Amino acid sequence: MGQLILQYDWSASPLGPLHEWPASLRLTLGIMLHSAFPMFLFWGPERVCFYNEAFRPSLGVTGKHPAIGKRATEVWPEIWETTDALINQVYATGKPQWFENRLLPIYRNGRLEDVYWTFSHSPVYGENDVIEGVLVTSMETTPTVTARMEIEHTVAQRTQELKQANGAIIEANNYLQDIINSFKQPLQVLEPVYEGTEIVDFRFKLTNQAYASYANTTPGAIRNKKVSEIFPGYLKTTSFTNVARTFLSGVTDTWMIHYDQDGLDLYNEMTAIRMGDEVILHFADYTKLKYLEFELLRKIAELENSNENLEAFAHAASHDLKEPVRKIQMFANVLQAQLGDKLSEQNQAMFHKITAAAKRMGKLIDDLLLYSQFSLVPPAKESVDLNDTVRQVAEDLEVTIQEHGASLVLADLPVVNGYGRQLYQMFQNLIGNSLKYRDPAVPPVIEISATRTTDNGRRFHQILVRDNGIGFEQQFAENIFQLFTRLQSSGSGSGIGLSTVKRVVDNHLGMIHAESQPARGALFRICLPAGSDEADV
């Protein structure tokens, strides 16, 4: 650089020939040219440029070098507005300035480059303590800044990736938690807690809401806590000892437990499965079922006691009722014999009805005794001709049928193997129901017929009982068979009749279904098992 200064034609420059230069300029150039640190000098009002060999690389291979003796506006046009303002501050204040890693884009190597500098501006005083120039000591820090920026970018990118990965993990955990929370049965994932080589407790790694609800909390609130912190009493039960045994042996175990610790009273079926360094523990909570079992056992005991009382009552009632019925029969026969020929045909028919009714009453009392014993000792089935059964029912309901002008249309019905008295009660309730819920404006018509059908490979006699009564909404077709259910609030029924029909059908291992529409009558389909030796019709 010193050689370039000597060879430069200074006579045409604002500084004039070398021998006329002030001592301050010569001194500054001497210091600068002999320094290994990059330096640049702006001198005089025209800001004539000087620089040393150490600064030369910052000017690029091509573009600005050589810049010795040139005005600053010619060398640095792309940054002069900024640089001039900084230099003027030194001239104005006389105070040096320091800048670190400042971006000053310069044109070099054929293009405008982003260049980062760490530099200082220092005043150079001439005669009479007047600032004649500004010395720039600088170092280009572009590689360092670029590397740092790349590192920061990489760190930011990796941080974002970690955030995304962490977010994905959180989302996956939340998704897993939502899945296991959807299970209504308690579920835990536990890890052992050791003292030395002994398992003394377990720690919650994952639970669902069904389990956390036992402690009136949430899965998140008990995560990573010891089980004994939440349920101290569990250490005394198989919900600890069996889980520890499963973890040590690796053998899956299932057992029943009545957990009566920590203010709880639970019946569970527990299954423990070791998976790696953890144990999966699954509960099947059957507490409600257990209490239903206790209630059922209590009800069975009450029912057995009630059946014994009912049997005793039936025996007593049948004995007490038989005697008045026997006397009715006896006195009716005596009275009929005494009156003899004085009785008209109509009188004779009435006496016949009285004695027949008394006879049926006696049979009814016998059947009542038999029916009361049915739950204890089921009576033997017999061949029942349903034609005879329906005719018997029609005869017993004769007065009611005539009063309502009803018509009973009876097709050929099968002979079934069943309980005669119960089947009688079934038809009596069905026909009575049709008469009770008739349309007052239309004479009742009750049709009873039969077909054969099959269901799941089983053969049945299908009995169809159809009427033209007031009917009901189809949505109530199942409810009508429930005890004490009445769809017509104005009726006189007790709500027992159709439930009795359902019980009879159930006792015969059959099925019953109702079909109806309001004002369109009702149809009852009763399926009674057909014997395997019966021929298909």
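The basis for the numbers below is simple: all heavy atoms, side chains too, and nothing from hydrogens, waters or symmetry mates. Keep in mind it's a predicted model, so treat the numbers as computed, not measured. The first residue in the sequence is number 1, and the count goes up from there.
The distance from the OG1 atom of Thr454 to the CD atom of Gln462 is 10.5 Å, given to the nearest 0.5 Å. Leu248 CG to Ile199 CD1: the interatomic distance, rounded to the nearest 0.5 Å, is 4.0 Å. Annotation: the span from Cys49 atom SG to Ile68 atom CD1 amounts to 8.0 Å, rounded to 0.5 Å. Between the CG atom in Leu15 and the CG atom in Leu25 there is a gap of 6.5 Å [rounded to 0.5 Å]. If you take CG on Leu464 and CD on Glu515, they are separated by 9.0 Å, rounding to the nearest 0.5 Å. Distance check, rounded to the nearest 0.5 Å: CG of Leu509 to CZ of Phe460 gives 8.5 Å.
The side-chain heavy atoms of Gln474 and Gln517, taken from C-beta on, include no pair separated by under 4.5 Å. Residues Leu264 and Asp260 have side chains not in contact (no heavy-atom distance under 4.5 Å, counting atoms from C-beta outward). Residues Ile273 and Val279 form no side-chain contact, since every pair of their non-hydrogen atoms from C-beta on lies 4.5 Å or further apart. Residues Val501 and Ile512 are in side-chain contact: their nearest non-hydrogen atoms beyond the backbone lie under 4.5 Å apart. Taking 4.5 Å as the limit, every side-chain heavy atom of Phe119 sits out of range of all side-chain heavy atoms of Gln97. The shortest distance between side-chain heavy atoms of Val189 and Thr207 does not fall below 4.5 Å. Considering only heavy atoms from C-beta on, Ser58 comes within 4.5 Å of Trp117 through its side chain. The closest side-chain heavy-atom distance from Met32 to Leu41 is below 4.5 Å.
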Determine whether Arg298 and Glu295 satisfy the following criterion, salt bridge (charged side-chain N to carboxylate O under 4.0 Å, His left out), listing intermediate values before the conclusion. CA-CA 5 Å; Arg298 187 179 68 81; Glu295 182 66 14; 2.4 Å; yes
From CA spacing to verdict: side chain to side chain contact (heavy atoms under 4.5 Å, CB included), Thr237, Ile257: CA-CA 8 Å; Thr237 72; Ile257 178 175; 4.1 Å; yes
Working for ring-ring contact (aromatic ring centres under 6.0 Å, His included), residues Tyr211 and Phe204: CA-CA 11 Å; Tyr211 177 82; Phe204 295 114; 5.6 Å; yes
Evaluate the criterion side chain to side chain contact (heavy atoms under 4.5 Å, CB included) for residue pair Leu162 and Gln157; output intermediate values, then yes/no. CA-CA 9 Å; Leu162 288 174; Gln157 188 177 21; over 6 Å; no
Test log, rule side chain to side chain contact (heavy atoms under 4.5 Å, CB included), inputs His121 and Gln89: CA-CA 10 Å; His121 287 171; Gln89 288 184 22; over 6 Å; no
For side chain to side chain contact (heavy atoms under 4.5 Å, CB included), just list the numbers for Tyr267 and Leu289, CA-CA rounded to whole Å, side-chain angles, deciding distance to a tenth of an Å, and then say yes or no. CA-CA 9 Å; Tyr267 290 85; Leu289 186 62; over 6 Å; no
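Between Phe42 and Thr83, the closest heavy-atom pair is CZ-CG2, 4.2 Å. Of all non-hydrogen atoms in Thr246 and Val251, the two that sit nearest each other are CG2-O, 3.3 Å. Trp43 and Gly133 make their closest contact through CE3-CA, 3.9 Å (heavy atoms, listed as atom of the first residue, atom of the second, distance). In plain terms, the two heavy atoms of Ala67 and Tyr51 that are nearest each other are N-OH, 2.9 Å. Nearest approach of Glu78 to Ile106, heavy atoms of both residues: OE2-CA, 3.2 Å. Scanning all heavy atoms of the two residues, the minimum distance from Arg47 to Ile87 falls at NE-CG2, 3.8 Å.
Looking at Arg274, its side chain does come within 3.5 Å of a backbone N or O of Phe247 through a donor-acceptor pair. Side-chain atoms of Glu46 do not come within 3.5 Å of backbone N or O of Lys70 as any donor-acceptor pair. Within the 3.5 Å criterion, the main-chain N or O of Asn101 finds a donor-acceptor partner in the side chain of Thr118. Side-chain atoms of Asp84 never come within 3.5 Å of backbone atoms of Trp80 as a donor-acceptor pair (strictly under, hydrogens ignored). No side-chain donor-acceptor contact under 3.5 Å links Asn128 to the backbone of Val130. Not a single donor-acceptor pair under 3.5 Å links the side chain of Tyr194 to the backbone N or O of Asp201.
Around CE of Met149, the count of heavy atoms belonging to other residues, nucleotides or ligands within 6.0 Å does not exceed 12. Enclosure of atom CD in Gln160 by more than 12 non-hydrogen atoms of other residues, nucleotides or ligands within 6.0 angstrom is indicated. Atom CG of Asp277 has 12 or fewer heavy atoms from other residues, nucleotides or ligands within 6.0 Å. Within a 6.0 Å radius of CD in Glu81, no more than 12 heavy atoms belonging to other residues, nucleotides or ligands are found. Enclosure of atom CZ in Arg466 is not indicated, since only 12 or fewer non-hydrogen atoms of other residues, nucleotides or ligands lie within 6.0 angstrom.
Using modelled atom types, one finds a donor on one side chain and an acceptor on the other under 3.5 Å when comparing Asn507 with Gln422. Side chains of Asn268 and His258: no donor on one and acceptor on the other come within 3.5 Å. Counting only N and O atoms by type, the side chains of Asp265 and Tyr291 include a donor and acceptor under 3.5 Å apart. A donor-acceptor pair shorter than 3.5 Å cannot be found between the side chains of Asn52 and Ser35.
Each of Trp10, Phe55, Phe40 was evaluated against Phe50; a single residue qualifies, Trp10, per the ring pair (Phe, Tyr, Trp, His ring centres under 6.0 Å) test. Checking each of Tyr259, Phe231, Tyr234 against Phe240 for a ring pair (Phe, Tyr, Trp, His ring centres under 6.0 Å) leaves exactly one that passes, namely Tyr234.
In summary, the aromatic rings of Phe283 and Trp255 are positioned with their centroids too far apart to meet the 6.0 Å limit.
For residues 149-164, the set of pairs meeting the salt bridge (charged side-chain N to carboxylate O under 4.0 Å, His left out) definition, not counting sequence neighbours, comprises Arg148-Glu152, Arg158-Glu161.
We find that Glu293 and Lys290 are joined by a salt bridge, their nearest charged nitrogen and carboxylate oxygen being less than 4.0 Å apart. Look at Glu113 and Arg108 and you find a salt bridge, because one of the NZ, NE, NH1 or NH2 atoms lies within 4.0 Å of a carboxylate O, short of that distance. Ion pair Glu278/Lys205 not flagged as a salt bridge, since none of the NZ, NE, NH1 or NH2 atoms sits closer than 4.0 Å to an Asp/Glu carboxylate oxygen. Taking the charged nitrogens against the carboxylate oxygens, Glu229 and Lys226 have no contact shorter than 4.0 Å, which rules out a salt bridge.
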